[in-house]
Amino acid sequence: MTLEKIAMTQRAMVEEQQARIGNQKWTQYLAAFIATIGGFVAGTALGWTAPAGPMMANNQYSFVISNENLAWIGACMPLGAMLGCPVTAGLVDKLGRKNMMLMLCIPTLVGWAMMIWAESVAWICAGRLLTGFASGSLSVIVPLYTSEIAEKEIRGTLGTYFQLQVTGGILFTYVIGSYSNVFSLTIICAIIPIVYVALMVLIPESPTFHLMKGNVEKARLSLRYFRGPYGTVDQELSIMQDSLAKTERERVPLMEAFQTTSAKRGLFIGLGVMLLQQFSGCNAVIFYATYIFKEAGSAMEPNTSTIIVGIMSVIATYVSTLIVDRLGRKILLLSSIIVMGICTLLIGAFFYMKANEYDVSSIGFIPLTSMCVFIILFSLGFGPIPWMLIGEIFPAQIKGTACSVACMANWFFAFIVTKFFSSLARRWMKFKKFSARAVISHHQHMPMYLSTPKKNSKLDFTKGLEHNMHDMFEGKSSRICDHVASSFRRPSDEDEAEIPKKMYSEKSPLVNKTVSKPITIAQQIAAESIETQIETQKWNQYLAALIATIGGFIMGTTLGWTSPAGPMMENGQYGFQITVENISWIASVMPLGAMLGCPVMAGIANKLGRKHLMIILTIPTLFGWALILCAKSVVWICAGRFLIGFSSGSYSVIVPLYTSEIAEKEIRGTLGTYFQLQVNAGILFTYVIGSYLNLFGLSVACAIVPVIYICLMLLIPESPIFYLMKGNVEKARLSLKYFRKPVAHVNQELNTMESALAKTERERVPIMEAFQTIPAKRGLFLGLGVMVFQQFSGCNAIIFYATTIFNATGSSIGSNTSTIIIGIIAVVSTYVSTLVVDKLGRKILLLYSVVAMGVSTFLIGGYFYAKDSHYNISSIGLIPLMSLCIFIILFNIGFGPIPWMLMGEIFPAQIKGIASSIVCMSNWLFVFLVTKYFTLLVSVIYLYNTFWLFTLFSILGIFFVVFFIPETKGKTMEEIQELLGADHITVLTENQNDA
C-alpha cells in the first residue's frame, strides 16, 4: 500500500511538472506564428494576380496589358522564387534565420513599390520577380526556423503554420481585391512586410544557429525563451551541442554528403511530395472554382466563389495544425491524395458527360461537392505537410541545400503550371475536337482536361515511383528487423552506462505499472514491437462493433423513413387518406416507443445478455415493418412505428453498452462512435432508396436490414462481462480470447474484470442509495446534459430546412438531392470522428462542435431575419449554405456521436444499466418534443427566433463542456470514476482490509 501511494505521488509530481512545461509552449506557438507571417507575405504575392488580373485587363494602369503579359506577370513570381531558394541556402548559416527573414522584407517592399509606380509591364514583372525572390527564400528559411525552435511533440503543428499563413495571405488578397482597385490592393499588400519587421524584433534567433556560431550563452537564453523556466534547457542544449559536434566530425564534401542513403531518400521524398502537391490538380480546381459553382446552379459572383474557396482552405489548414501531431503525417497525406484523386475523377466525369450532351441537371451537385471536398482534404494533407516534411527529413549537413533544392523544384513546378496551364487546356481541346469530329463550344469543352490528362500523368508517375519505393522500403525494413531483434538481448553494464534512460510517462506502453522505474532504449523497442503486434489484432473488436452497431443502422432507417415516406403518404400511396396532422403523429410516435424501450432494457439487460437481446429485438422490428406494409389505417402505421421505435430505443441502450464492454481502452472511443455512424448511414440509406422506390419498396428495403442483422449477430460472441456476471468464467475467457489476439494477456485482463465485478458486488447498496453517490450524481448530470444539448442545438431544424437553405443560394438542386447531400456529409463527418476521437479526445471535439453549431444557427437565423424583413439578401445567399455544411460536419464529429459513447463510460458499474436507460429515455423525450412541436414553435416565435433559441442553447453548451465535461480519452473505467469523485485511496484500503 505504501509503495502504491509513493508511486501515485511520484506520478502526480511528474504529471504536474509535465503540465507546467506544457503550459510554457505558448512562446513556441507565438514565435512560429510571427515567423510564418513570411508565409502570409508569400500568400499575398501568390494571390495578388487573381483579383489584380481583371483590373489590369480593364486598363487600371495607364498602359495596355495583354493576356500574354498577364501570363508572364503571373509566372515571374515563381521564377523569382526559384532564384531565391539557392541564394538562401548559401546565406542562411552565415547570416542567421532571423536576420535573413528581416532582410528579405527589403526586396519585398521594393517589389511592391515597383508595382505601385509601374511605368510599363517590365516594371510589374520586375516587381513580381523581387517579391517572388523573397517568397522563395522565405519558403526555405521559415520551415527551417520553426523546426529548430519546436519541441518534437508540437513540431508538426508548428510546421503546418507556414501553409496556414500562405492560404491566409491568398484569402486576404481575395477579400481586399473584391473591394478595392489594383493600387489600393498593392499598397495594402505592401503594409504586411512592415508589420512583419515590427513583430520579428520581438522573438529571438534560433538556438541552433547560435550554437553553430559557438555562442553557447545566447543559445541558452534563446532556448530558455522557448522552453520556459521549467524546461530542461541545459540538458537539451547539451544534446544539441552533441548533435552539432557529431555532424561536424562526420562532415564530408557536399556532393559526397548527397551520396548517402539517407540523403538520397530524403531528396526523393522531398521532390516527390512537391511534385504531387503541384500536379495534383489544385490549381485547376481553384482555376475553375467559379465555373463549378455555376454548374451547381449557384448565382454567386466570381469574387464570392473565390472567397469561399479561400475560407475553406484556411479553415482546413487550421484543422491540419490541430491534428497533424496526433494522427501523423502519413495518414493525412494518404487520405488527402486518395480523396483528391476521387474528386478530380468525379469532376472530370461530370464535364465529360456535359461535353457529350448528357443530361447532367440532376447531378449538378457533384462538381460542387467534389471541389469542396478536394480543397478541404488538400489543405489538410498535401497542402501544408510537404513544407513541414522538408524541415524534418534531411540530414543536418545538407539540410539547408536540400531544403532549397526541394523548394526550388516546387516553385519550378508552380511556374510550369502557372505559365502553361491555359495553353495546355487549349491544345487539349483542339485534340479532343479533332478526335471527336464534333463542334463543341469552347466554354463547354475547356474543363475536360481536368480529369483525363491529370489522371494519366499521375499514373505514369506512379509507375516510375513503384520500383524506387520498393527498393527503399526493402532496405529500411531489413534494418528495422535487425535492430528490433538485437534489442531483445540482455543489456550489458556498458549498455547501462551509455544508453540514456526514460521514465514511464503517459505515452509509455507500460503506463499501468504501479512503481516508476527507468527502462532502457532496447527494452522500450522490444515492448513497442510487442505492442504493435498486439495492436494489429484488434480487428476482431472492430468487426464485432461494426456488426453490433447495425442496430444503430436499423434505428437510422426508422428515423429517416418519414422524410421520403411523408410526401408519398400525402400523395395517396396508401389506400386511405392521411392528413398532415396524421403524418406529424406518425413521425412522433417512434420516439415515444423508444422512450418505453429504454427502461425495459435496464431491467433485462443483465438477465438475458447483450447479444441475445440484440437478436430478440429484431422480432418487434420486423413485426412493426409488417404492420406498416400491410396497414389498413393510420393506427396500423402508428402501431408499427411504435414497435420499431421500441426496438430503436432499446438498441440505443444495449449497443453502446456492448461496444464499451468488448473494447480496449485505446480504441473504446472509436468503437463508441460507430453507433452514431451507423445511425447516419441508416438515415442516408432511406434518403437514397426513397428517391428511387415507392413507399412499399422503401419499407421492404428497410425490413430486410433486421434479417441481415440476425445472420451477422450469430458470428460474434457475447460480452465477456456478461458471462462473468453469470459466473461462467470459461465462456468469458473464450469470449475475451476472440477479442484479444494474441491471447497471452487474456488471463490477466480477465482477473482484472473479475476483481472489478467483485468490488462492485461487495459495495452493492440499494439502488436509490447508489444514485446518491457523488460519481453517480455527476455521471447522471453529465449524461442528461450532453443529451439536452445534442437535441436542442438545432440539428433537427437544420435538416428540416435543408432544402430551403439550398434554394437560398440560387441552387436548383431538388429536395431529394439536397437531403442525400446532407446524409453523405453526415456519414463522412461521423467517420472522421471515429478516426480522431481516441487521438484528439472527447472534450475538444465537443467544444469545437458546440461552438460551430452556435455560430451556424446564429448566422442562419440572421439570414432568415433579413429575408423576413425584406432586406436584399441576394449577395449573402452563400451564408446559410456554408453554415448548414459547417453545422452538419461539426455536429457529426462532436455532439452527434460522442454523447452515446460517453454514456457507456461515465456511470458506476452498479447503476450503469438503469442510468443509461434514464439518459436514453430522456434523449428520446427530447426527440419527441422537437419532432412534434418544432413547427408550432416556428409559427409562434418565427423561424429566425427559433434558430437564435438554438444559438442560446449552444452558448450554454459551451459553458457546460468547458466547466463540467471531463476528458475520458485513454482512461480505464476506474480512472473515469475517480475523475467523477470516487475515492481511490479509500477503495484501496477497503480492498486491502478485505484481503
Side-chain angles (χ1 to χ4, degrees), residues 175 178-179 290 292-312 315 361 364-365 368-369 372 563 566-567 580 584 791-823 825-826 850-891 930-955:
V175 175
S178 299
Y179 300 99
T290 303
I292 290 170
F293 269 94
K294 287 181 180 178
E295 289 302 317
S298 175
M300 278 184 276
E301 294 295 322
N303 284 341
T304 306
S305 62
T306 52
I307 290 172
I308 292 174
V309 170
I311 291 172
M312 284 193 296
I315 292 173
S361 59
F365 67 92
L368 177 61
T369 306
C372 295
S563 181
V580 175
S584 174
Q791 290 302 324
F792 290 102
S793 61
C795 55
N796 293 285
I798 289 283
I799 294 170
F800 191 85
Y801 280 93
T803 304
T804 304
I805 291 170
F806 269 91
N807 293 337
T809 64
S811 173
S812 58
I813 297 174
S815 57
N816 284 340
T817 306
S818 64
T819 52
I820 290 172
I821 292 173
I822 290 170
I825 294 173
V850 74
V851 169
M853 286 150 55
V855 173
S856 299
T857 50
F858 178 77
L859 291 174
I860 293 173
Y863 173 84
F864 283 116
Y865 174 79
K867 184 177 182 180
D868 290 350
S869 301
H870 305 293
Y871 289 103
N872 181 12
I873 55 173
S874 59
S875 61
I876 59 170
L878 65 111
I879 288 179
L881 177 60
M882 287 182 60
S883 301
L884 168 80
C885 294
I886 291 171
F887 184 100
I888 293 170
I889 291 170
L890 270 296
F891 174 80
V930 171
T931 306
K932 187 73 183 76
Y933 298 109
F934 173 72
T935 308
L936 177 63
L937 185 66
V938 170
S939 65
V940 173
I941 65 172
Y942 304 110
L943 183 58
Y944 55 86
N945 281 326
T946 305
F947 275 104
W948 285 340
L949 180 62
F950 296 141
T951 303
L952 177 61
F953 272 101
S954 295
I955 293 171

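We're numbering straight along the sequence, starting at 1.
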Report summary line: CH2 (W948) and CG (L859) are apart, to the nearest 0.5 Å, by 10.5 Å

Report task. Hey, can you tell me if F887 and F891 have their rings parallel, tilted or perpendicular (30° and 60° cut-offs)? Result -> parallel

Query raised in the report: In Å, rounded to the nearest 0.5 Å, how long is the span from OH of Y944 to CG of D868?
Result: 6.5 Å

Requested in this report: Evaluate the ring planes of F947 and F950, with Trp represented by its six-membered ring, and classify them as parallel (under 30°), tilted (30 to 60°) or perpendicular (over 60°).
Outcome: perpendicular

**Report entry** Separation of I886 CD1 from I825 CD1 (nearest 0.5 Å)
**Finding:** 11.0 Å

Query raised in the report: Between T857 and G854, is there a donor-acceptor pair closer than 3.5 Å when you use the side chain of the first and the backbone of the second?
Result: yes

Query - S793/S954 under side chain to side chain donor-acceptor pair (under 3.5 Å): CA gap, chis, key distance, verdict - result: CA-CA 6 Å; S793 61; S954 295; 5.7 Å; no

Query - Geometric class of the Y871/Y865 ring pair [parallel <30°, tilted 30-60°, perpendicular >60°] - result: tilted

Query - Pairwise distance OG1(T946) to CD1(I860) - rounded to 0.5 angstrom - result: 12.5 Å

